[in-house]
Engineer: 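Sharing a structure with you now.
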Amino acid sequence: MPLTRKAYRAAILHSLADPAEVGIEASYEYFEDGLLVIENGRISALGHAGDLLPRLPADIDITHYQDALITPGLIDTHIHLPQTGMVGAYGEQLLDWLNTYTFPCESQFADTAHAEEVADIFIKELLRNGTTTALVFGSVHPQSVNAFFEAAEKLDLRMIAGKVMMDRNAPDYLTDTAESSYQQSKALIERWHGKGRLHYAVTPRFAPTSTPEQLALAGQLLGEYPDLYMQTHISENKQEIEWVKALFPERDGYLDVYDHYKLLGERSVFAHGVHLCDEECARLAETGSAVAFCPTSNLFLGSGLFNLPMAEKHKLNVGLGTDVGGGTSFSLLQTLNEAYKVMQLQGARLSPFKSLYLATLGGARALRLEDRIGTLQPGTDADFIVLDYNATPLLSYRLKQANNIAETLFVLMTLGDDRTVLQTYAAGNRVHQR
Ligand code: GUN
Ligand code: ZN
């Protein structure tokens, strides 16, 4: 294959580490006039334009952006593809919301044509919002995951997804059985896990909708293939937690149910965790598990305020999740806007650099993909976005008053949304142009 080399010149920013561990100044790298060089889908150099330009061949193709910021592609560690058509459903909290809106909406994915149509809309929406990697719930139907992976493969995206396993406490039209969920998951793993940049996640919906037999088979699958992911929900809503205690009286709380069935581990991501206690955070951290912080959803469904400082105290890996359709936006910028307010309500601060970390490198670490995505380090995948300082009249005017990159970043996360994302690149290819 001929060498394809391209360079992008703009302000460039990426995370180097968690500000909670190294302090804010050491947590990021910023080039006011930076250059990002891409070769064959990977980043080959990053630095000051003045340093790098003299070392590049004179005929290299350089795209120069004015009033724009290049950052790594954003990482959504929790989202539901089959809930694309029900964002913003009125009035209910988690359990009634599932029964009233979610299950009927997900039932439509029995139809392959519908699954393909929505997979296409969903992926376009991710890319329009600058999200280049997501950990995705399908529906209970394998075709929802096939449709998603087929569309992601065409664009060479790094994506993770799985078919929901759900064999009780849901309508008959939407349940599998322990055995069929095992066989269907296995077939999807064989077809997709490790193909190109795709990975599979074993996906028991949450403890109340799985029998002990199904949870045991989910744990068994994790032992049968290397590097599989596991995704589920935990401790999102107080009624939900009481229900889990009633369904599993022999277990020592919600997390212990998953622990018992061997679902904790380095590639396990638990969504929400709003009401986790200290001991549960410690156990999650000890097993290398991660939590997806989903602020728009936690507010929209009235679930509660995620305690990020407690997670930091335990050095628990935390990524950011939109949780569409419980969440109300595909935009991780808007999700950070809400995350900031969730911290304000708890008397805590969320610095813009911690926010950047959560949406990029923190997500990559939660997914154990930090050697591939989440930063702009040479050698990693060329998944990056271009944010436009002039996306809206207000943003343009407001950013002219910003004195430094910290202020600029914070305003981008407060006023920014899909309009702010000028371009999205995946594996060096432009996959979205506003
Ligand atoms: N818990 C179980 N299923 C779901 C879901 O689809 N969305 C959310 N937010 N929580 C859940
Ligand atoms: Zn969810």
Side-chain angles (χ1 to χ4, degrees), residues 76-109 118 122 134-141 144-145 160-171 174-176 181 201-210 214-215 218 229-244 247 254-255 257-258 263 268-276 290-306 319-330 332 335 338 342 366:
D76 188 341
T77 59
H78 183 64
I79 186 165
H80 298 256
L81 179 150
Q83 296 175 16
T84 304
M86 54 161 291
V87 179
Y90 176 76
E92 308 294 354
Q93 293 211 352
L94 178 65
L95 300 179
D96 293 326
W97 174 84
L98 285 172
N99 285 314
T100 310
Y101 299 112
T102 315
F103 293 152
C105 185
E106 293 196 3
S107 73
Q108 299 173 71
F109 288 75
V118 179
F122 178 82
L135 175 57
V136 179
F137 268 62
S139 68
V140 76
H141 318 94
S144 66
V145 175
I160 313 168
K163 167 210 125 67
V164 159
M165 304 169 78
M166 173 158 73
D167 68 345
R168 65 167 170 174
N169 292 322
L174 209 56
T175 46
D176 50 19
S181 71
V202 174
T203 308
R205 178 170 215 119
F206 68 155
T209 50
S210 286
Q214 187 170 53
L215 293 175
Y229 289 87
M230 197 294 300
Q231 59 178 343
T232 191
H233 297 89
I234 193 165
S235 298
E236 174 178 3
N237 167 291
K238 293 205 166 142
Q239 260 186 311
E240 169 212 15
I241 295 168
E242 289 310 310
W243 194 22
V244 172
L247 288 168
Y254 201 158
L255 184 69
V257 174
Y258 295 136
L263 299 178
S268 295
V269 179
F270 295 87
H272 305 284
V274 171
H275 305 287
L276 289 168
V291 170
F293 172 24
C294 304
T296 75
S297 170
N298 296 341
L299 294 171
F300 185 72
L301 294 178
S303 302
L305 306 175
F306 178 66
L320 194 66
T322 60
D323 193 32
V324 159
T328 48
S329 174
F330 276 80
L332 284 168
T335 305
E338 300 306 298
V342 165

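Counting convention: from 1, in listed order, for ligands and their atoms alike. Residue indices begin at 1 and follow the sequence shown.
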Engineer: Which pairs, with at least one residue in residues 201-210 and sequence neighbours excluded, count as a salt bridge (charged side-chain N to carboxylate O under 4.0 Å, His left out)?
Structural biologist: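 Checked against salt bridge (charged side-chain N to carboxylate O under 4.0 Å, His left out) - neighbours excluded - the pairs reaching residues 201-210 are E106-R205.
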
Engineer: Check for a donor-acceptor pair, side chain of T322 on one end and backbone N or O of F330 on the other, with a separation under 3.5 Å.
Structural biologist: no

Engineer: Between L94 and ligand 1, which residue portion shows a heavy-atom distance shorter than 4.0 Å: side chain, backbone, both, or neither?
Structural biologist: side chain

Engineer: Looking at residues at least two apart in the chain, or sitting in another chain, which of them share a side-chain hydrogen bond (donor to acceptor under 3.5 Å, both in side chains) with H141?
Structural biologist: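 With sequence neighbours excluded, H141 shows a side-chain hydrogen bond (donor to acceptor under 3.5 Å, both in side chains) to S139, given in chain and number order.
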
Engineer: Please report which non-hydrogen protein atom sits nearest to atom 7 (N) of ligand 1, along with the residue it belongs to and the distance in Å to one decimal place.
Structural biologist: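 In this structure, atom 7 (N) of ligand 1 has W97 CZ3, 3.4 Å as its nearest protein heavy atom.
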
Engineer: Is the closest heavy atom of Q83 to ligand 1 under 4.0 Å?
Structural biologist: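 Right, Q83 reaches ligand 1.
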
Engineer: What do you reckon, does F137 put a non-hydrogen atom under 4.0 Å from ligand 1?
Structural biologist: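 Checking ligand 1 against F137, which is what was asked, there is no heavy-atom contact under 4.0 Å.
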
Engineer: Using 30° and 60° as the class boundaries, would you call the ring planes of F270 and Y258 parallel, tilted or perpendicular?
Structural biologist: tilted

Engineer: Give me the atom names and distance for the closest heavy-atom approach of T209 to N169.
Structural biologist: CG2-O, 3.7 Å

Engineer: Could you see which bit of E240 sits under 4.0 Å from ligand 1, with heavy atoms only: side chain, backbone, both or neither?
Structural biologist: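 Near ligand 1, E240 shows nothing, with every heavy atom at 4.0 Å or more.
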
Engineer: For the Zn ion (ligand 2), how many protein N, O or S atoms come closer than 2.8 Å?
Structural biologist: 4

Engineer: Counting only nitrogen or oxygen atoms and a 3.5 angstrom limit, does D323 reach ligand 1?
Structural biologist: yes

Engineer: Looking at atom 10 (N) of ligand 1, what's its closest protein heavy atom, distance included?
Structural biologist: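 Sorting protein heavy atoms by distance from atom 10 (N) of ligand 1 puts E236 OE1, 2.7 Å first.
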
Engineer: By number and element, which atoms of ligand 1 are closer than 4.0 Å to a non-hydrogen atom of R205?
Structural biologist: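 Once the distances to R205 are compared, the set is 2 (C), 3 (N), 4 (C), 5 (C), 6 (O).
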
Engineer: Looking at E236 and H272, would you say the former's side chain and the latter's main chain have a donor-acceptor pair under 3.5 Å?
Structural biologist: no

Engineer: What is the ring orientation for H233 with F137, classed by angle as parallel under 30°, tilted 30 to 60°, or perpendicular over 60°?
Structural biologist: tilted

Engineer: Look at the side chain of D323 and the backbone N and O of I79, then say whether any donor-acceptor pair between them is shorter than 3.5 Å.
Structural biologist: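 Pair absent, no side-chain N/O of D323 close to backbone of I79.
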
Engineer: Let me have the donor-acceptor pairs involving side chains of residues 88-100, under 3.5 Å, with sequence neighbours excluded, atom names and distances please.
Structural biologist:
| unit_1 | atom_1 | unit_2 | atom_2 | d |
| --- | --- | --- | --- | --- |
| N99 | ND2 | L95 | O | 3.2 |
| T100 | OG1 | D96 | O | 2.6 |

Engineer: Are any side-chain N or O atoms of Q83 and backbone N or O atoms of G325, one a donor and one an acceptor, separated by less than 3.5 Å?
Structural biologist: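 Confirmed, Q83 side chain pairs with G325 backbone.
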
